[in-house]
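Note that the structure is predicted; figures quoted are calculated from it, not measured.
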Amino acid sequence: MGLQGRVDEAIPRLRAAGTDLADVEVKKAVGGLPKSLPETISAFANGGGGLIILGLDDSSRCR
């Protein structure tokens with residue numbers, strides 16, 4: 001599955017959960033890259049990997 005397919009599959013899961021998932025994290029990224037991005041990348045790199053989606057806001061239930 002390509003990257004777009006992974007994103008398309010993740011968004012309904014995020015909406016159903018109403019928050020980030022163990023393997024998917026969203027960041028608003030308003031005004032540039034979030035300051036917490038390096039921490040998220042490091043956490044995924046130390047685990048099993050994951051998907052970071054910029055431009056979604058989990059505080060509005062991933063919409």
Side-chain angles (χ1 to χ4, degrees):
M1 176 183 315
L3 179 58
Q4 186 62 53
R6 290 183 64 201
V7 171
D8 292 344
E9 185 270 333
I11 290 175
R13 291 178 33 220
L14 288 161
R15 288 183 176 154
T19 188
D20 292 325
L21 305 171
D23 63 336
V24 183
E25 185 151 337
V26 298
K27 305 277 186 193
K28 284 192 294 189
V30 175
L33 292 176
K35 292 181 180 176
S36 62
L37 188 59
E39 180 181 295
T40 302
I41 292 170
S42 178
F44 281 159
N46 289 327
L51 178 66
I52 301 168
I53 302 174
L54 301 176
L56 289 181
D57 181 2
D58 64 352
S59 66
S60 61
R61 297 188 54 90
C62 299
R63 292 183 182 7

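To the nearest 0.5 Å, atoms CD1 (I53) and CZ (R6) are separated by 9.0 Å. Here D20 contributes atom CG and L14 contributes atom CG; the two are 7.0 Å apart, rounded to the nearest 0.5 Å.
Taking a 4.5 Å side-chain heavy-atom cut-off between Ile, Leu, Val, Met, Phe, Trp and Tyr, the cluster of M1 contains only that residue.
The salt bridge (charged side-chain N to carboxylate O under 4.0 Å, His left out) check on R13 picks up E9, D23, with sequence neighbours excluded. In this view, S36 and K27, P34 satisfy the side-chain contact (heavy atoms from CB on, under 4.5 Å) rule, not counting sequence neighbours. Qualifying side chain to side chain donor-acceptor pair (under 3.5 Å) partners for E39, counting only residues two or more places apart in sequence or in other chains: none.
Looking at I11 and L56, their side chains come closer than 4.5 Å, going by heavy atoms from C-beta outward. Between V26 and D57 there is no side-chain heavy-atom pair separated by less than 4.5 Å. Side-chain atoms of L54 and L33, non-hydrogen and from C-beta on, do get closer than 4.5 Å to each other.
Hydrophobic clustering keeps F44 apart from L51 (ILVMFWY residues linked when any side-chain heavy atoms are closer than 4.5 Å, directly or through intermediates).
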